[in-house]
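Have a look at the structure below, then the notes.
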Amino acid sequence: NMAEESKKLAAYFAVDNSVQNNQVVGVGSGSTIVYAVDRLAERVRQEQLNIVCVPTSFQARQLILQHGLTLSDLERHPELDVAIDGADEVDAELTLIKGGGGCLTQEKIVASCSKYFVVIADYRKDSKALGQQWKKGVPIEVIPMAYVPVSRMIAKRFGGEVNLRMAISKAGPVVTDNGNFILDWKFEHAQNWKEVNTAIKMIPGVVETGLFVNMAEQAYFGMEDGSVKVRK
Ligand code: DER
């Protein structure tokens with residue numbers, strides 16, 4: 001369908017334009033990145049590209065292994081050349097909401113270790129202001145024992161509604177790759193995302209937020225007309 005086609009468009013464009021030989025590549029999580037890993041594997045086969053891949057989740061690790069790509073980690077490669085990842089929403093200033101897939105913490109760590117962080121997304125993620133397209137709120141990873149006081153604190157200080165993310169194929173809450181819970185904060189109005197990100201991170205019990213501020217260098221959007229829109 002159109003959205004899947006546009007994910008593939010963005011993913012192939014990014015891999016073809018942002019990945020060179022002898023590079024360390026951060027591999028994001030979610031559904032769009034699957035196309036990027038397909039293309040990475042294709043380029044390795046066709047061009048004998050020499051790359052190593054650092055995952056951002058169990059899912060990314062599986063993708064790397066399943067495609068026969070060279071798996072690495074931040075102990076071997078604490079500095080990456082490029083990280084490629086999806087996003088739930090991208091605003092006009094390249095501020096991202098990530099974490100729809102619950103992998104935001106390792107994604108943000110890997111992105112922070114990369115010289116170059118590029119986002120791949122379908123046209124639905126292309127937004128002017130956070131909240132215009134994405135209605136599920138900002139994901140926040142929290143230490144399980146603290147999720148109630150953290151939820152209350154966020155709602156009190158920033159407004160909106162905070163919900164514990166419940167699992168679908170498992171009884172009880174979603175548990176992340178790091179053994180934590182996820183809160184989804186449905187904010188009511190635009191914020192100073194840089195300030196809000198810092199303030200939320202300071203709350204004891206918060207592990208990470210899905211607000212990626214001033215991190216992405218570029219975003220590639222696959223459009224419905226088959227073009228790729230680039231935001232820098
Ligand atoms: O959970 C995540 O952070 C994912 O990267 C998400 O933001 C994008 O997932 P998608 O490519 O399946 O939309």
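Just follow the structure's listing: the first ligand is 1, and inside any ligand the first atom is 1. If you're wondering where the values come from, they're calculated on a predicted model, not measured in any experiment. The first residue of the sequence shown is numbered 1, and numbering continues consecutively from there.
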[Y]/[X] salt bridge by N-O under 4.0 Å criterion:
| X | Y | answer |
| --- | --- | --- |
| K98 | D85 | yes |
| K128 | D91 | no |
| K115 | E79 | yes |

**Q.** Cation-aromatic face contact K8/Y35, 6.0 Å, 45 degrees
**A.**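 The answer is no; the distance or angle limit is not met.
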Q) Quick one: is the NZ or CZ of K108 closer than 6.0 Å to the six-membered ring centre of F212, and within 45° of its axis? A)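 Ring-cation test returns yes.
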**Q.** Residues in contact with ligand 1, criterion: heavy atom under 4.0 Å
**A.**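 Its neighbours under 4.0 Å (heavy atoms only) are S29, G30, S31, T32, D85, G86, A87, D88, K98, G99, G100, G101, G102, E107, K125, given by chain and number.
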Q) Can you name the side-chain contact (heavy atoms from CB on, under 4.5 Å) partners of A14, sequence neighbours left out? A) I120, Y220
